[in-house]
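One structure, as structure tokens, below. Some questions next.
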Amino acid sequence: MRRTLAAATGTVLAVCAAFLAGAPQAQAADTTAGFHVQDGRLLEASGKDFVLRGVNHAHTWYPGRTTQALKDIKAQGANSVRVVLATGDQWTKNDTADVAEVVGQCKANRLVCILEAHDTTGYGEAGAAAPLSKAVDYWLGVKSALVGQEKYVLVNIGNEPYGNTGYTAWTADTKAAIGRLRAGGIDHTLLVDAPNWGQDWSFTMRDNAAGVFAADPDRNTVFDIHMYGVYDTAAEVSDYVDHFVSAKLPLVIGEFGNMHSDGDPDEDAIMATAQARGIGYLGWSWSGNGGGVEYLDLVQGFDATRMTTWGQRLFNGANGIKATAKEAGVFSDGGNNGGDTTAPTAPGTPVASDTTASSIRLGWPAATDNTGVTGYDIVRVSGSTETTVATSATTAATVTGLSANTTYTFAVYARDAAGNRSPRSATVTAATRPGSSTGACSVSYRLSDWGSSFNADVTVRNTSAQAVDGWALDFSFPAAQRINSVWNARATQSGSAVHVTNESWTKTIPAAGSVSFGFNASSTPGTNGVPAAFVLNGTTCTVS
């Protein structure tokens, strides 16, 4: 089904991502100089099994964000990144020098790089889309940036190369594209996207995958399915994946989200099925979505400290990236041995400082590692329970969204580039400051409802004569609403209960003044409604 996103310029683009799974018998050519497929699996040059666990990054629309984005993506535990490039047919071309720079940055951050040409998106239905033949021209044109990188780079020929019109040509066009690339000297593992805007509801890719795989003289092609509204049940997810696994054909879930305008994908089933079958996945997308699908951002505003609900699910949830990603062995041993298995030492005891009513800053002595520490996970400790509350690439972090006048216990773990996690540091206990007295307050809550999703604009007014310095607003949804993204505030949700806290720029509510924030959420059509009560720093507000 059709799915569109907007770039920074307001250009609408279709979403993309990639999963890996099985593939048929041995290669006809020697591809062991790099990634290769064997018995339905993606293998490194060393022969070691590799499962993609990563995200998509829209480099072509946000080239100035890529350097920091790749660092932050790695710090969240990803082992790979799918990078959006443009051929010059729909969007400004990423030339050979830019492609080489992207590859270099991926390698510097120890990320496997999946490069995709986006201008083919929705060909046959989207008027400006380019055919796969133009994508082949592009890859052959930037070939010098690719040759020699087969251990580090996968080439995704063209993103979602057909919409819902003319998609029966997918099989012949994909075979032809593979043939031209091989004849032109592109020896990398190739990814081929499904038609139907990547979702293959017609099963065109599924039913013709064996023939397409056999048409590759290197037998080194992986199939890429994008899972959005078509895959809204666990049965649909497992049925599609199992067709490939049973046939020993390699599959990747190259894009997926936790919701979409074409339906509500079952992200839990997608991630659980991928983990159970040993196939890869890449979530869409790091940041920068627009055109009504901002909820697909994993972090807000390219800020790794402002992770969305979708980002928390993908990185920190069950079957998520942090729990399942393993770094490619090529980054630790050239791909010839078993990889780095030595964990960092425990960080030093954290020290708390700069406490406010809603935040505590922590600093700690660095951990050490045989290959280098790449990040730290900060956890809140309550008895035997740990909750990750922040991550940092440095030896300091500010934990936000805390309740006023409350004592917390924290500890820190270190991570290295291979994903090894250190023992836990000693704990530190610290208390937030008392919140300012709120006095009276009122809240207005305005809905823009689209059936299965909605936006809410919330204004919190301080009707007292005393300014509020740091605030927390609590309310409960009346039905099955679920927050996806928030702006001008931070929010956590447990069941129907929502806890919203200020950003630094919305911290103060002046006397007789107000602050506003908003959020996007999903809902069941016909059941959306306004929360009945709002509590600001312990005081019940009137609803206006």
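For the single chain, residues carry numbers from 1 onward in sequence order.
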Thr308 side chain to Asp297 side chain, donor-acceptor N/O pair below 3.5 angstrom: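 Judged by distance alone, the side chains do not pair up.
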Glu294 side chain vs Asn520 backbone, donor-acceptor pair below 3.5 Å: no
Donor + acceptor pair across side chains of His57, Thr66 (<3.5 Å):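 Side-chain D/A pair, His57 to Thr66: present.
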Within 45° cone and under 6.0 Å: Arg421 NZ/CZ vs Tyr413 ring: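 Yes, Arg421 lies over the aromatic ring of Tyr413.
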Side-chain touch Val399/Ile378, heavy atoms, less than 4.5 angstrom: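 Of all side-chain heavy-atom pairs linking Ile378 with Val399, at least one is under 4.5 Å.
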Check: Ser514 main-chain N/O paired with Asn462 side-chain donor or acceptor under 3.5 Å: no
Side-chain H-bond candidate by donor/acceptor type, Asp200 with Tyr240, under 3.5 Å: yes
Between Trp201 and Tyr231, ring centroids under 6.0 Å: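 Trp201 vs Tyr231: aromatic centres not under 6.0 Å.
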Under 3.5 Å donor-acceptor, Asp98 side chain and Asn94 backbone: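 It does not hold such a pair.
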Centroid-centroid distance, His118 to Trp91, less than 6.0 Å: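 Aromatic pair counts; centres sit under 6.0 Å.
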Verdict with supporting geometry, Thr459 and Val443, side-chain contact (heavy atoms from CB on, under 4.5 Å): CA-CA 6 Å; Thr459 299; Val443 173; over 6 Å; no
Short side-chain to backbone donor-acceptor contact, Asn455 and Ser448, under 3.5 Å: no
Nearest atoms (heavy-atom pairs only) where Ser425 meets Pro347: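 What the structure gives for the nearest pair is CB-O, 3.4 Å.
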Short side-chain to backbone donor-acceptor contact, Thr432 and Thr406, under 3.5 Å: yes
Expected output: side-chain Thr120 to main-chain Asn159 donor-acceptor under 3.5 Å: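 Present.
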Aromatic plane relationship, Phe475 with Phe519 - under 30° parallel, 30 to 60° tilted, over 60° perpendicular: parallel
Main-chain N/O of Ala86 paired with Gln90 side-chain donor or acceptor, under 3.5 Å: no
Among Leu298, Asn258, Asp268, the one residue meeting side chain to side chain contact (heavy atoms under 4.5 Å, CB included) with Arg313: Asp268
Within the 6.0 Å centroid threshold, strictly below: Tyr228 and Trp284: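 Not under 6.0 Å, so no.
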Closest heavy-atom pair and its distance - Arg415, Gly77: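 For Arg415 versus Gly77, the nearest heavy atoms are NH1-N, 4.5 Å.
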Closest non-hydrogen atom pair, Cys106 against Cys113: SG-SG, 2.6 Å
Residues Arg306, Asp72; criterion salt bridge (Lys or Arg N to Asp or Glu O under 4.0 Å); working and verdict: CA-CA 12 Å; Arg306 301 174 62 202; Asp72 291 338; over 6 Å; no
Heavy-atom check, side chain of Phe315 versus side chain of Arg53, under 4.5 Å: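 Heavy-atom side-chain distance check fails, nothing below 4.5 Å.
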Shortest non-hydrogen contact from Ser422 toward Pro344: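 Looks like CB-O, 3.2 Å.
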Short side-chain donor-acceptor distance under 3.5 Å, Thr368 and Thr345: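 The criterion, which ignores hydrogens and geometry beyond distance, is satisfied for Thr368 and Thr345.
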Main-chain N/O of Val299 paired to Ser287 side chain as donor or acceptor, under 3.5 Å: yes
Side-chain H-bond candidate by donor/acceptor type, Thr67 with Gln105, under 3.5 Å: yes
Main-chain N/O of Gly229 paired with Asp262 side-chain donor or acceptor, under 3.5 Å: yes
Closest heavy-atom pair and its distance - Ala521, Ile483: CB-CA, 3.8 Å
Any side-chain donor near an acceptor of the partner, Asn316 and Lys322, under 3.5 Å: yes
Thr506 (side chain) donor-acceptor with Glu503 (main chain) under 3.5 angstrom: yes
Nearest atoms (heavy-atom pairs only) where Thr394 meets Tyr376: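 In terms of heavy atoms, the two residues are closest at O-CD1, 3.2 Å.
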Nearest-0.5 Å distance, CZ of residue Arg461 to SG of residue Cys541: 12.0 Å
Short side-chain donor-acceptor distance under 3.5 Å, Gln300 and Arg490: no
